[in-house]
Number of protein chains: 2
Amino acid sequence: MDATGREMDRPAAADGVATQPIEVELIAVLAAVADGSPLVMTIEGGRALPSGSFGVEHRSLQSGLRAWVERQTGHTLGYLEQLYTFADSDRRIPSNGARAISISYLALTREERLAASQAAWRPWYEYFPWEDHRAGPPAQIAAEIAPQLARWAESGGDPSVRRRRAAIAFGLDGRPWNEEFVLQRYELLYEAGLIAEARRRLGDADGLPLGAPMIGDHRRILATGIARVRAKIKYNPVVFELMPPAFTLLQLQRCVEAVSGLNVHKPNFRRLIEQQQLVEETGETMADTGGRPAKTYRFRAAVREERAAAGTKLPLTRA
Amino acid sequence: MDATGREMDRPAAADGVATQPIEVELIAVLAAVADGSPLVMTIEGGRALPSGSFGVEHRSLQSGLRAWVERQTGHTLGYLEQLYTFADSDRRIPSNGARAISISYLALTREERLAASQAAWRPWYEYFPWEDHRAGPPAQIAAEIAPQLARWAESGGDPSVRRRRAAIAFGLDGRPWNEEFVLQRYELLYEAGLIAEARRRLGDADGLPLGAPMIGDHRRILATGIARVRAKIKYNPVVFELMPPAFTLLQLQRCVEAVSGLNVHKPNFRRLIEQQQLVEETGETMADTGGRPAKTYRFRAAVREERAAAGTKLPLTRA
DNA sequence: ACAGATATGCTCACCATGAGTATAAGCCAT
DNA sequence: ATGGCTTATACTCATGGTGAGCATATCTGT
């Protein structure tokens, strides 16, 4: 941390480097799903994530953010977790150039009409078109991304390392696509100068930049959030935060598919949900599905604590 | 966790919105394992985690912390990840009462002689004696914790809710013990006033406080770190960061047991490690094991990228 | 009535996992 | 050297979760 290694023994003190004021800002990745499209709440015409200063008036980060989001959406927030704290030394508040630390949060909710006019839901695949594989791998990957990454790989560093990184991230050369590597993919494209945010620093590369840009590193934060939801959805029943109180199993499946960007095997998905007893029937059916009416279900809230019991991956001996 | 707002003891700030300076501090949970005992690096006689101010000179949090830790341990740091950012409104720097935000990191390394004399490794179960179940559930749980939590449950709030919380956290009433609930257990004991840190605020409860205390909320941060390692060890080959370059399978097993605080089924553990091809034989054997000499293994670094391929939990359709 | 769509139920093979047993190869005390 | 102790290593067997696919039910619209 410092030259001697002893500085850390003391709590941050007055000595040494004059402390430049540090701005602490909160950034929210607020996600919802509507009609098979995953959405993120944005401001400034879709170019920024909602953010605010971490002022003294907030009792805690969490509750302050929750209150703010609930004012914005007019809907109580189901799920809120801390995402990551971004604090690279070159992060600056655009307005005054102060050093900025951004503490980001991930929030899940149902889509609701927005109370404030500045904010708007945007499909998150506008920002990451290469992340939606529900209709197969997007043509853009083979047509634009792979060739440009190949050119980047040969242009510096260790080409074989770069090629492998690209192949792992994007599932090239017969490797499987891993939907969780959202951040790695974004950072790779950034490094390769293929997205607009990177070109502010690097010289222009060929071709058009990929996906819709955002200010600062907001898109990177969004990538972090998407990666987190995609990972969490697998071992934690957070999907239900995105669902209305009653829903059909296909709606639930479509929601999972929207988030993960992948297609799910219908019979096995139903079996999984049912055998894990995540839901219970409401007794109602929903008729306007285009086919046979579907039973509707609700989330079994009791699962949350039962889940306590679940899930070892270590081969234990019985006590 | 923090029951009451203590806006009172805030130094008289310029009124209202005026931004009070916020101290940003880094805290490290640096873990190692030696001789079947998991260790954490501490300072101040084991009463604090190493911490330091986040100054302007640092390129980024991560690299600054890495450099500092490597000077302390004289060993390159294998693994470093951000843990959590603590920023409740009543967190204060002890010396000057400034508002403090602490960004905590988890680092894994092999135990090494320390370069600096102020720092020392401590067994982490000194701070959380109830977390070590390798010799069965600690007697302390049934003898002290359960009865005191039972008394607490009846003393306020909704007793049935409190009882269930306690039972889930500590595996009471026939519920299974979940080794990952380190933080929930600590926070429960804190709320119940059974640990020293809580008694600074609450009135004294009966009996002795549980486990060795730390300053501020360092023990809570340590709990967060332990929970993270215990979770991560299951789906990510981070254990190897705690191991020497060559090791026997039993040593590896003991390391996992030390971290998780649980006993592992030996044949199945070996099968798991081998079939996942996490390791490869070195060709050497180790004789001083007290029995038949054991083959030694090394971690297959190639796994890290192969792991890219691994692990879906969603029932996908084939593309 | 029939086509088309979705809902729902069921089968079957395979493999990871939990649990336990058996044999091999060192060391040490007698 | 021998027998007993300790650890290493290999195998078995039942069970249950998972991947993949098929079959039947019940709507709407023509």
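Chain letters run A, B, ... following the sequence lines, proteins first, then strands; residues in each count from 1.
C:dT17 atom P lies 8 Å from atom CZ of B:R271, rounded to whole Å. Following rounding to the nearest Å, B:M286 (CE) and D:dT9 (P) show an atom-to-atom distance of 11 Å. Rounded to an integer number of Å, the gap from CG of B:L314 to C1' of D:dG17 is 15 Å. Per the geometry, CD belonging to A:Q277 stands 11 Å off P belonging to D:dG17, to the nearest Å. With rounding to whole Å, B:R254 atom CZ is found 12 Å from D:dA8 atom C1'. Atom NE2 in B:H265 sits about 16 Å away from atom P in D:dA10, given to the nearest Å. In this structure, CD1 of B:I273 is placed 11 Å from P of C:dT17, rounded to the nearest angstrom. One interatomic measurement links the two molecules: CZ of B:F269 to C1' of D:dC11, which rounds to 19 Å at whole-angstrom precision.
Distance from the side chain of B:L250 is smallest to D:dA8 among C:dT17, C:dA25, D:dA8. Side-chain proximity of B:L272 to the nucleotides C:dC12, D:dA8, C:dT17 is greatest for C:dT17. Nearest nucleotide to the side chain of A:R270, out of C:dG9, C:dT17, C:dG26: C:dG9. Nearest to the side-chain atoms of A:P267 among the listed nucleotides D:dA8, C:dT6, C:dG9 stands C:dG9.
A:R175 has no carboxylate O lying under 4.0 Å from a charged side-chain N of A:D173, or vice versa, which leaves the two without a salt bridge. Between B:R165 and B:E187, no side-chain nitrogen of the basic residue sits less than 4.0 Å from a carboxylate oxygen of the acidic one, so the salt-bridge criterion is not met.
Proximity of B:Q275 to the phosphate of C:dC15: no side-chain N or O atom is located under 4.0 Å from OP1 or OP2. Dashed line: the shortest gap from a side-chain N or O of A:K266 to OP1 or OP2 of C:dA7 is under 4.0 Å.
Cation-pi geometry between B:R230 and B:W177 is not satisfied (NZ or CZ under 6.0 Å from the ring centre, within 45° of the ring normal).
Position along DNA chain D of the nearest nucleotide to B:Y297 versus B:G291 favours B:G291 as the more 5'-ward residue. Residues B:L249 and B:N268 both approach DNA chain D. Their nearest nucleotides, taken by heavy-atom distance, put B:L249 toward the 5′ side.
A:R292 contributes no side-chain N or O that forms a donor-acceptor pair with the base of C:dG4 under 3.5 Å.
Rounded to the nearest 0.5 angstrom, A:R228 CZ and A:I233 CD1 are separated by 14.0 Å.
Using a 4.5 Å cut-off on side-chain heavy atoms (C-beta onward), B:W124 and B:V182 make no contact.
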